[in-house]
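The sequence lines fix the lettering, A, B, ..., with proteins before strands; numbering per chain opens at 1. Just the heavy atoms: all of them, side chains too, but no hydrogens, waters or symmetry mates, feed the values below. This structure is a prediction, so every number in the text was calculated from the model and none was measured.
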Amino acid sequence: MEGPREKTTAEKSTETSKRVRMMIKDLAQRAHEARAAGDPIAYLFISSCYDDILRAMDITTVGTENYAGLCAAKMSAEQYLAKAESEGYQRHLCTYATCGLGFDATRRELGGMPPNAPDGGMEQPTVMLGTGMMICDPRYKWYQATRRYTDAPVHVLGLLNPPAYYTHVDIKDVRNYYIRYIVQELYELVDFLERHTGRRLNMDRLAEVVDLSEKTIKVWHDIYELRKAVPAPMPTEDALNAMVPGYFMMGTQLAYDFYRELYDEIKHRVDNKIGTIPDEKYRLLWALSLPPWYALVIFNYFESQGAVFPIEVVYHPPPPVDIPANVTNPIERMAWRFYDSMTRGHEKARKRSGDTNVEWFLDMIDEYKLDGVVFHQAMTCRTIHTGQLHQINIFKKYSDKPVLLLEGDIIDVRNYNQAATHDKVDAFIETLEAYKAKNS
Amino acid sequence: MKFDASMVADIYQDRGKRVRELSAAGRGGVGYFCSLTPVEIITAAGLVPFRLAGSMSEPIREAHSYLETIACPFTRSALDVGLSGAYSFLDGYVVPHACDNIVKLYELWLHNIPHKYCHFVNVPHTTSRPSMEFFIEELRTFKASLELYTGQEIGAEKLRQAIDAHNKQRRLVQKIYGYRKQDPPPVSGSDMTRLLMSVMSLPVEEGNALLEAFESEIAALPRSADGKVPRIMLCGTGNEDTTFISMLEGSGARVVIDDLCFGTKPFWFEVGNGEDPLASLARSYLNDVHCPRTFRYDQRSHQDDLEVRFGHIASLAREFEVNGIIYYSVLYCDTHAFDVPDIREYLESQKLPVMFVEEEYPVSSLERLRTRVEAFLEMVG
Ligand code: SF4
Ligand code: SF4
């Protein structure tokens, strides 16, 4: 097995997902061309509900989290993390953010692209689009801080959702004003973009993009249904590539075509019982955890032990759109789509465990016929990686499937110990073996 | 009421005592986190708002198995205190959407700490017009949840009375802070922390009586003049315990003003008492509580942006004639840590010396810190 210093990315099973690297390069190239042509460029976050508007206004986007992931995979992140630290940003902050801040600080200092920046670097943005959500403070603090290196105006889009449970409120009573808020905030965003980019939003064009996005989500979702098959036709390491069009190119024909093609390939694999590994002994869930982008080979290590990840909780497609037919305004449809995806599991959670994530794990275990659950605690992303112990505590009340908790980071390889990780995986495989023997 | 120093000391020692008594007599308490919870609504519901905190002096016992070490240590400590049953005298809890760590606490308390009432107030991250409209609706929901819990309607009049009472409390707190402009100040930073933590453990009317008595006491103190000791402003994350402030004061600093969650933040504004009390509350809590979790922003230039975000610190520092600022943040507090380079730049541009401290909670290395603090005090003194 190669160590992460030599090889970081995992071997993929599907041909379609191998194309994603090229698509990422093309995205970067488009940003370089936009910059050269003086066209507007926006920094953005994934899962932030604004993509369709940016597509319809023809604004080029740069996914800053994605870029940090690329730097990690290319082993180029360290210099930017060190730069951010020398600027006063602590090492324990989200390393997507510190990698981005370090990159932007370097670009500012050099007065141009840092040499050898992966894919030619992130272009100077015209605007930076943060979000005020319930899940991640760096989504607005990062860009607020970045302004010192870009001078680009920041907009924070308010995107709130209610928690799954209150003791004295029926969640149905809050829905309307939550959705109204998102709608109004999206209009504010349009106003901001029109003022700062010189582009105007055409509602007919937006309606087309929204339709295309909804169609794309449907195909993407259908692929995930196919992934229930045994043997696993598409493992998590492929999904971590295949999510890129959905999270960074949503609302484009390119993304739609990509998922159609991927669907056909997966369908073919299911029909012909082509799995990820020849002898699939254990099927595992990659739980709510961001991956170690500098060490995705870890998935291949699991596979070398007969364990495959048919499905994961992160970077999942949103559920297919299920909103009232009378909601036809495209901005309202976007708001409904967001609200619905953030609250879809609430009712079910209230009836059983009280935790939407745990409900999701339990459902996946049934539907994808899984034998165990693996978490990865990425030290610098508090947002997603605090609460894992809580999820495990609740999960254990409803399932006796073995659980593994790995430790590492998203970007900072210094938080990762490959040998210790392999030891943990080996021990976990033994636990899975014992569990299977006991329950067979 | 005649003030006696042991009053504050007693309440601070056993903050739950009064709510336990009241609860036994039929008036329950509702715990809350953070300066963003509109306590007026709890008061108007006939309940006592009780400020929740961790414990700086106690090591974490149970929270390790519930909340990861990468979570902000304040929330881990608060959870630990909750798990110990120390807050079991409360009817329930309110958690506002302050930061990611506090949001996590909501779920953890909901699942692991017994309660009769539990509510989450979603506070928008921006001060946009839609955010304000949303927040009014969200406060309406908060009020409705308390009405359902108590079985009593909270009419506009009750809300107005509660706003008046809490505004009075804010004015009293500001007045007491005002005495700290004197040199030496008659009230130390540690005294102020104990006083405010006590006030935030009592029904508003009793807190106000305590503040009035305290104020008469210090108004009567003879003034002495001694301007040689550095006057310090303390900023950053909340710190309800006096260990750190006592160390500063023991090292020769006079902590005369702060921008802290357990200090000025909940008291440095007044809620308007207009037509719609909920709208007034929404406006004040969103606009006037200065916390890095609320995104304030100025498009004009980076310098203007810094002024909008941190101008209140400089203006308090000038008003209280401080020689330097100590910015204390607990580890893993993202909302504060992302601000550090900007704050440093801003305060330096204002010629205000600043020292940054990022620490565990409880502070793990007081002695090492003391050496740093002494060097800073020497520099600014
Ligand atoms: S804190 Fe986590 S969720 Fe937020 S930007 Fe960083 S990695 Fe993403
Ligand atoms: S110290 Fe920071 S992270 Fe912790 S609760 Fe307060 S604001 Fe949130």
Enquirer: Does either side chain, that of B:Arg296 or that of B:Thr127, offer a donor lying less than 3.5 Å from an acceptor on the other one?
Expert: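 No, no side-chain donor-acceptor contact under 3.5 Å.
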Enquirer: I'd like to know whether B:Phe376 forms a ring pair (Phe, Tyr, Trp, His ring centres under 6.0 Å) with B:Phe356, so could you lay out the CA-CA distance, the side-chain angles of the two residues, the decisive distance to 0.1 Å, and finally the verdict.
Expert: CA-CA 10 Å; B:Phe376 179 71; B:Phe356 287 90; 9.8 Å; no
Enquirer: Identify the heavy atoms of A:Phe395 and A:Leu362 that sit nearest to each other, and give their distance.
Expert: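 Taking every non-hydrogen atom into account, CE1-CD2, 3.7 Å.
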Enquirer: With no hydrogens and no angle check, do the side chains of B:His111 and A:Asp355 hold a donor and an acceptor under 3.5 Å apart?
Expert: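 The criterion, which ignores hydrogens and geometry beyond distance, is not satisfied for A:Asp355 and B:His111.
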Enquirer: Check each atom of A:Tyr149 against the heavy atoms of chain B and say whether the ones under 4.5 Å are side chain, backbone, both or neither.
Expert: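 The answer is neither part of A:Tyr149.
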Enquirer: Select, from B:Cys72, B:Pro124, B:Gly92, the one with the greatest count of heavy-atom pairs under 4.5 Å involving chain A.
Expert: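 Heavy-atom pairs under 4.5 Å are most numerous for B:Pro124.
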Enquirer: So for A:Ala152, is it side chain, backbone, both, or neither that comes closer than 4.5 Å to the heavy atoms of chain B?
Expert: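 It is the backbone, since no side chain atom gets that close.
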Enquirer: Give a yes-or-no answer on whether the side chains of B:Glu358 and A:Gln90 include a donor-acceptor pair shorter than 3.5 Å.
Expert: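 Checked: B:Glu358/A:Gln90 side chains pair up, N/O donor to acceptor below 3.5 Å.
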Enquirer: For A:Tyr181 and B:Glu137, does a side-chain donor sit closer than 3.5 Å to a side-chain acceptor?
Expert: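 A:Tyr181 vs B:Glu137: no donor-acceptor pair found between side chains.
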Enquirer: Where does B:Glu107 contact chain A at under 4.5 Å (heavy atoms): side chain, backbone, both or neither?
Expert: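 Both backbone and side chain.
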Enquirer: Is it the side chain or the backbone of B:Arg76 that comes within 4.5 Å of chain A heavy atoms, both, or neither?
Expert: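 No part of it gets close to chain A.
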Enquirer: Does A:Glu347 have more than 12 heavy atoms from other residues, nucleotides or ligands lying within 6.0 Å of its CD?
Expert: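 No - once you tally the heavy atoms of other residues, nucleotides and ligands closer than 6.0 Å, there are 12 at most.
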Enquirer: When heavy-atom pairs shorter than 4.5 Å are enumerated against chain B, which of A:Leu159, A:Val174, A:Val169 gives the highest number?
Expert: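 Most heavy-atom pairs under 4.5 Å with chain B: A:Val169.
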Enquirer: Could you check, using the six-membered ring where one of them is a Trp, whether A:Trp142 and A:Phe45 have ring centers closer than 6.0 angstrom?
Expert: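 Yes, the ring of A:Trp142 comes within the 6.0 Å limit of the ring of A:Phe45, centre to centre.
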Enquirer: Does any heavy atom of chain A fall under 4.5 Å from the side chain of B:Leu148, the backbone, both, or neither of them?
Expert: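 It is both, since atoms from each part get that close.
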Enquirer: Looking only at side-chain N and O atoms, does B:Asp80 offer a donor or acceptor that is under 3.5 Å from a partner on B:Ser77?
Expert: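 Absent: no donor and acceptor within the cut-off.
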Enquirer: Taking side chain as everything from C-beta outward and backbone as N, CA, C, O, which of these in A:Ile135 sits under 4.5 Å from a heavy atom of chain B? Side chain, backbone, both or neither.
Expert: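 Contact with chain B: backbone only.
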Enquirer: Given that the side chain runs from C-beta out, which part of B:Asp298 has a heavy atom under 4.5 Å from chain A: side chain, backbone, both or neither?
Expert: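 Backbone only.
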Enquirer: Less than 4.5 Å to any heavy atom of chain B: does that hold for the side chain of A:His196, its backbone, both, or neither?
Expert: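 When you check distances to chain B, only side chain atoms of A:His196 fall under 4.5 Å.
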Enquirer: Give the member of B:Asn122, B:Thr126, B:Val103, B:Asn101 that has the highest number of heavy-atom pairs under 4.5 Å with chain A.
Expert: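 Most heavy-atom pairs under 4.5 Å with chain A: B:Asn122.
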Enquirer: Is a donor from one side chain sitting under 3.5 angstrom from an acceptor on the other, for A:Thr64 and A:Tyr143?
Expert: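 Distance-only check passes for A:Thr64 and A:Tyr143.
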Enquirer: Would you mind telling me which of A:His385, A:Arg147, A:Glu188 has the largest number of heavy-atom pairs within less than 4.5 Å of chain B?
Expert: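 Going by pairs under 4.5 Å, I would pick A:Arg147.
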Enquirer: Identify which of A:Lys141, A:Met379, A:His155 forms the greatest number of heavy-atom pairs closer than 4.5 Å to chain B.
Expert: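 Looking at each option in turn, the highest pair count goes to A:Lys141.
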Enquirer: Below 4.5 Å from any heavy atom of chain B, which atoms of A:Tyr187 appear? Answer side chain, backbone, both or neither.
Expert: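 A:Tyr187 has no heavy atom closer than 4.5 Å to chain B.
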Enquirer: Against chain A, label B:Ser131 side chain, backbone, both or neither, depending on which of its atoms sit under 4.5 Å from a heavy atom there.
Expert: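 B:Ser131 touches chain A through backbone and side-chain heavy atoms alike.
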Enquirer: Does any heavy atom of chain A fall under 4.5 Å from the side chain of B:Arg293, the backbone, both, or neither of them?
Expert: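 It is both, since atoms from each part get that close.
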Enquirer: Quick check, are the ring centers of B:Phe33 and B:Tyr106 under 6.0 angstrom apart?
Expert: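 So the answer is no for these two rings.
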Enquirer: Taking the ring of B:Tyr149 and the ring of A:His168, is the distance between their centroids below 6.0 Å?
Expert: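 For A:His168 and B:Tyr149, the ring centres are under 6.0 Å apart.
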Enquirer: I'd like to know which of A:Gln184, A:Glu185, A:Gln144 tops the heavy-atom pair count under 4.5 Å against chain B.
Expert: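 Heavy-atom pair counts peak at A:Gln144.
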Enquirer: Is it the backbone or the side chain of A:Gln388 that comes under 4.5 Å from a heavy atom of chain B, or both, or neither?
Expert: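 For A:Gln388, heavy atoms of backbone and side chain both lie under 4.5 Å from chain B.
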Enquirer: Does any backbone or side-chain atom of B:Phe134 lie under 4.5 Å from a heavy atom of chain A? Answer side chain, backbone, both or neither.
Expert: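 Both parts, backbone and side chain.
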Enquirer: Specify which of B:Tyr66, B:Phe142, B:Tyr297, B:Tyr117 makes the most heavy-atom pairs with chain A at under 4.5 Å.
Expert: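 Maximum pair count with chain A is reached by B:Tyr297.
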Enquirer: Under a 3.5 Å threshold, yes or no: a donor from one side chain and an acceptor from the other, between A:Arg382 and A:His92?
Expert: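 Short answer, yes.
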Enquirer: Using non-hydrogen atoms only, which part of A:Asp170 is less than 4.5 Å away from chain B: side chain, backbone, both, or neither?
Expert: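 The answer is neither part of A:Asp170.
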Enquirer: So which part of A:Ala164 gets closer than 4.5 Å to some heavy atom of chain B, the side chain, the backbone, both or neither?
Expert: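 Neither; nothing under 4.5 Å.
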Enquirer: Answer with side chain, backbone, both or neither: which region of A:Ala378 has an atom nearer than 4.5 Å to a non-hydrogen atom of chain B?
Expert: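 Just the backbone, heavy atoms under 4.5 Å.
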Enquirer: Given heavy-atom pairs under 4.5 angstrom as the criterion, report whether the side chain, backbone, both or neither of B:Glu345 touches chain A.
Expert: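 Interface part for B:Glu345: side chain.
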Enquirer: Among B:Leu67, B:Thr69, B:Val340, B:Asn112, which residue has the highest count of heavy-atom pairs closer than 4.5 Å to chain A?
Expert: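 Top count of heavy-atom pairs under 4.5 Å with chain A: B:Leu67.
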Enquirer: Just say parallel, tilted or perpendicular for the rings of A:Phe103 and A:Tyr80, cut-offs at 30° and 60°.
Expert: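 The rings of A:Phe103 and A:Tyr80 stand perpendicular, inter-plane angle above 60°.
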Enquirer: Assess the side chains of A:Glu359 and A:Ser353: does a donor N or O sit below 3.5 Å from an acceptor N or O?
Expert: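 The answer is yes; a qualifying pair exists.
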Enquirer: Listed by chain and number, what are the side-chain hydrogen bond (donor to acceptor under 3.5 Å, both in side chains) partners of B:Gln350, not counting sequence neighbours?
Expert: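 side-chain hydrogen bond (donor to acceptor under 3.5 Å, both in side chains) check on B:Gln350 returns B:Arg318.
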Enquirer: Which bit of B:His64 comes within less than 4.5 Å of chain A, counting heavy atoms only: side chain, backbone, both or neither?
Expert: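 Backbone of B:His64 only, per the 4.5 Å heavy-atom cut-off to chain A.
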Enquirer: Which of the residues A:Thr131, A:Thr98, A:Leu157, A:Asp137 is involved in the greatest number of heavy-atom pairs with chain B at under 4.5 angstrom?
Expert: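 The answer is A:Asp137.
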Enquirer: Select one option (side chain, backbone, both, neither) describing which atoms of B:His302 are under 4.5 Å from chain A's heavy atoms.
Expert: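 B:His302 touches chain A through backbone and side-chain heavy atoms alike.
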